[in-house]
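Position 1 is the first residue of the sequence; numbering continues from there. No experiment lies behind these values; they were computed from the predicted model shown. Remember, it's 1-based here, ligands and their atoms both numbered in the order they're listed.
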Amino acid sequence: MQAANVVDGRAIAAQIQQELAARVARLKSRGVVPGLAFVRVGEDPASKVYVGRKEKACAELGIVSETHVLPEKTSEKELLALIGQFNSAAHLHGILVQAPLPKHIRESVVFATVLPTKDVDGFHPVNVGKLMLGDATGFKPCTPAGVVELLVRSGVKTDGAEVVILGRGNIVGKPMAAMLCQKGKAANATVTICHSATRDIKAHCLRADILVAAIGVAHFVKADMVKPGAVIMDVGVNRVPDATSKTGTKLVGDVDFANVQPIAGKITPNPGGVGPMTIAMLLQNTVRAAEMAA
Ligand code: GUN
C-alpha cells in the first residue's frame, strides 16, 4: 500500500487511456485507424525498452504502430529519406524518432524534418515555437505535458506557485518551464530553471512549492533540499547497481524517494509516476493527429 501522498501515475495514465479509447472508437467508426511510426537507430538499451513500452500501449489502445530499426551506421541522409516517406504516408498520423541518435546524425535536423502535423513528440521547431507562443494548435512534448496532467489530475494548483525545475534539456526542462509560466489554466507559475552552472541549487529547491527533477542524477534531491509540503515530480530515470536484483542493477529517480516522501505534500514514485504519463501523452498526441487528419 502506497502512502496517501504518493501520486499514482499508472492509475492516472490508465484513466487517460480509457478516455482516449472512446476517441479511437469514434475515429474507427469513420474508417480512420490511428497510425504511428517508430524509428530507432542503433541498439541503445534504454531506447529499446522505451520504444517497446510505447508499442505495447499503442496496441492496447488500437493505434496501429510500425517500428523501423535502423543500423547504427545509418547515414543522416538515409534517415531523412525514410522520414520523408512517412511524412507522405496517409496511414501514418504520427512519427516518433527515438532519441538519443548516433553522434553522426544531427538530432535537430531530424526533428525538423518530421512534418509538424505528424510531430507527436512536439520537437519540431514549429511546435516548439507554438508552445512558447501559447498557441494550443501545436503538439506539446510528452514528458512535460504528462507532468502538467499529473498536477491537474491530482489537484495541485499551479497558479502563483513557485516552481523549480532541475534540468534545462530540450525534452523536459525547457518545455516544462514554458508550459508552467504560460498565462492560463494549469500554468501561471513563477518558474526557475536550475542547471549545472546554478550557484546554490539547494537554496532554490527549498523555495519550491513544486519541484520538477529532470537532472539525470540518481537520488540528487535529498530531504534537506525540500520544503515540507512541497509537490515533487521525479522525471529522472537512472540505472544504479543493485545486488538484490537479477540484472545487478535497478532504475531509480532523481529524488531520494525514501527520505523525501515523508515530508512531501505529494510525490511521484519512480517507476510508476511520470513514465506512464509520457506514454499516455504520446497516445493522446497521436489520437489528436489522427483526428486533425480525418
Ligand atoms: N528520448 C527520451 N525521451 C524521449 C521522448 O519523449 N521522445 C523521443 N523521441 N525520444 C526520447
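The backbone and the side chain of Ala99 each have at least one atom closer than 4.0 Å to an atom of ligand 1 (non-hydrogen atoms only). Proximity of Val97 to ligand 1, defined as any heavy-atom pair under 4.0 Å, is confined to the backbone N, CA, C and O atoms.
The shell of residues lying under 4.0 angstrom from ligand 1, judged by heavy atoms, excludes Tyr50.
Under a 4.0 Å N-O distance rule, the pair Lys54/Glu60 does not qualify as a salt bridge.
Around NZ of Lys56, the count of heavy atoms belonging to other residues, nucleotides or ligands within 6.0 Å does not exceed 12. Counting heavy-atom neighbours within 6.0 Å of Met132 CE, excluding the residue itself, gives a total of 12 or less.
Hydrophobic clustering of Ile, Leu, Val, Met, Phe, Trp and Tyr side chains at less than 4.5 Å, counting indirect connections, keeps Ile171 apart from Val237.
Listed by number with element, the atoms of ligand 1 under 4.0 Å from a non-hydrogen atom of Asp121 are 5 (C), 6 (O), 7 (N), 8 (C), 9 (N). Close approach of ligand 1 to Phe123 is summarised as follows: ligand atoms under 4.0 Å from at least one heavy atom of the residue are 5 (C), 7 (N), 8 (C), 9 (N). Atom numbering of ligand 1 starts at 1 in the shown order; those under 4.0 Å from a heavy atom of Leu96 are 9 (N).
Considering backbone and side-chain N/O of Gln98, one or more are found under 3.5 Å from N/O of ligand 1.
Under the 6.0 Å cut-off for aromatic ring centres, His68 and Phe86 qualify, their centroids lying closer than that.
Thr67 and Glu55 form a side-chain donor-acceptor contact under 3.5 Å, judged by distance and modelled atom types alone.
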